[in-house]
Amino acid sequence: MNKPVLVVHGGAWVVPSEEFDAHKKGLQDALEIGMAILKNNGSALDAVEKAIASMENSGVFDAGIGAVLNDQGDVELDAQIMKSNLEAGAVAAIRNYKNPISIARKVMETTPHSLLVGDGAGEFAKKSGFSKIDMQRMISKKEFDRFSQKKDEGFGTVGAVALDLFGNMCAGTSTGGTRGKLHGRVGDSPLIGAGGYCDFETGGASATGHGESFMKILACKTACDYLKIEKTAQLAAENTIALLERRTSGKGGIILLRKDGDIGIAFNTKNMARGFATNEKTEAMI
Ligand code: ASP
């Protein structure tokens with residue numbers, strides 16, 4: 001039997017100090033929900049989906065409710081989920097659904113495809129029984145104010161990576177993308193290997209930050225490959241962010257979990273909302 005481990009993040013950026021508590025609570029809730037599943041013999045897949053859904057519902061992060069607005073003042077969401085047997089599902093530029101992580105899971109489990117986008121993703125969600133919600137209910141007051149003031153801050157993509165008692169792993173990522181992005185823009189988050197990756201030969205990863213940079217170095221696949229040559233997951237995560245900076249000047253962060261439960265977290269932004277839970281300890285940090 002393995003020991004369960006869950007690692008989560010809520011974005012890498014300059015988190016304003018008045019938002020520290022809300023971010024920490026959002027992370028802690030996600031850790032508690034995910035860890036309860038893992039401790040009760042639940043799957044890494046369920047733990048990652050439910051941990052991410054709780055952050056999508058919190059209104060605190062750039063995911064689900066409260067996600068950033070695009071240049072038309074709309075919310076378009078991206079998400080992916082991947083199991084360590086390489087099964088994966090993703091949605092991109094989906095509107096009017098608050099839990100894209102669950103729709104990504106449905107894509108993985110019920111279609112022969114890996115990624116559905118835009119209206120097609122929305123039609124699939126509707127047919128699969130997800131409830132559509134009004135765009136106004138997706139937009140938080142905080143985000144509306146930031147968007148109106150053309151603020152350049154506030155990325156809070158969410159992600160999770162888990163190892164369950166049976167040695168299975170899963171990684172997921174969910175985001176509203178970058179504020180003011182062009183309608184139809186898709187970042188790294190729903191792209192397998194870029195914004196997330198999971199493989200039982202190495203481990204799992206979820207990224208956050210400037211998507212156009214992360215996709216160029218396939219950050220999460222790269223981080224998992226570094227696990228083969230580095231002594232610790234921490235070194236593998238740090239090498240990935242060093243590569244990101246050297247080759248793209250991009251900013252962001254990554255969480256990485258090796259197949260044996262070793263954790264690595266690295267970022268080159270001022271803050272990264274991040275946390276982990278093991279049998280011994282649960283900790284959320286900014
Ligand atoms: N990586 C996300 C994107 O570019 C944004 C973020 O993580 O802050 O869409």
Side-chain angles (χ1 to χ4, degrees), residues 7-16 19 23 26-27 30 52 55-56 58 60-64 66-71 74-82 90-95 100-101 104 115 117-118 121 140 142-143 146-147 151-161 171-197 205-223 237 240-241 243-245 248-256 265-274 286:
V7 192
V8 298
H9 72 80
W13 52 299
V14 182
V15 184
E19 290 189 28
H23 277 70
L27 294 168
I52 290 182
M55 292 190 278
E56 290 174 336
S58 70
V60 173
F61 303 100
D62 174 18
V68 301
L69 302 181
N70 67 10
D71 65 342
D74 274 347
V75 174
E76 284 182 329
L77 302 172
D78 306 331
Q80 69 159 295
I81 196 156
M82 184 168 189
V91 289
I94 187 168
R95 302 170 76 234
I101 194 68
L115 172 61
V117 307
S140 67
K142 186 178 69 184
E143 176 54 24
R146 278 190 184 141
F147 178 77
K151 285 208 172 154
D152 191 25
E153 61 176 20
F155 304 104
T157 292
V158 304
V161 189
T173 306
S174 177
T175 189
T178 49
R179 182 172 301 110
K181 66 185 181 180
L182 290 180
H183 169 52
R185 177 265 187 192
V186 172
D188 61 316
S189 306
L191 305 181
I192 308 303
Y197 198 70
S206 170
T208 174
H210 184 241
E212 284 73 5
S213 303
F214 276 82
M215 61 172 86
K216 285 177 189 151
I217 65 156
L218 279 177
C220 288
K221 170 75 164 91
T222 298
T240 308
I241 296 302
L243 176 72
L244 177 84
E245 182 135 0
T248 73
S249 307
K251 296 280 176 206
I254 194 160
I255 56 172
L256 182 61
I265 303 178
F267 53 100
N268 63 356
T269 48
K270 181 152 193 283
N271 311 114
M272 180 171 182
R274 61 208 192 274
I286 306 290

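One-based numbering, in listed order, for ligands and for the atoms of each. From a predicted model like this one, the values you see are computed outputs, not experimental measurements. The first residue in the sequence is number 1, and the count goes up from there.
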- request: List for me each residue that meets side-chain hydrogen bond (donor to acceptor under 3.5 Å, both in side chains) alongside Asp71, sequence neighbours excluded, and say none if there are none.
  value: none

task: Take atom NZ of Lys270 as the centre, draw a 6.0 Å sphere, and report whether it contains more than 12 heavy atoms from other residues, nucleotides or ligands.
output: no

query: If we only count heavy atoms from C-beta on, is the Ile265 to Val7 side-chain gap below 4.5 Å?
result: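 Counting from C-beta outward, Ile265 and Val7 do come under 4.5 Å.
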
Which ligand 1 atoms are under 4.0 Å away from a heavy-atom of [X]?
| X | value |
| --- | --- |
| Asp188 | 1 (N), 2 (C), 3 (C), 4 (O) |
| Thr208 | 6 (C), 7 (O), 8 (O) |
| Ser189 | 1 (N), 2 (C) |

message: Can you tell me which portion of Arg185 lies within the under-4.0 Å heavy-atom range of ligand 1? Options are side chain, backbone, both, or neither.
response: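 The part of Arg185 near ligand 1 is the side chain, not the backbone.
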
- prompt: Is a side-chain donor or acceptor of Lys181 paired with a backbone partner of Gly187 at a separation under 3.5 angstrom?
  reply: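 No, Lys181 side chain to Gly187 backbone: no donor-acceptor pair under 3.5 Å.
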
Under 3.5 Å: N/O of Thr157 near N/O of ligand 1: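 The answer is yes, given that Thr157 and ligand 1 share an N or O pair closer than 3.5 Å.
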
Option nearest atom 2 (C) of ligand 1 (shortest heavy-atom distance, choices Gly209, Gly187, Gly176, Gly156): Gly209

- prompt: With a 4.0 Å cut-off, would you call Arg185 and Glu212 a salt bridge?
  reply: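 Yes, this pair counts.
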
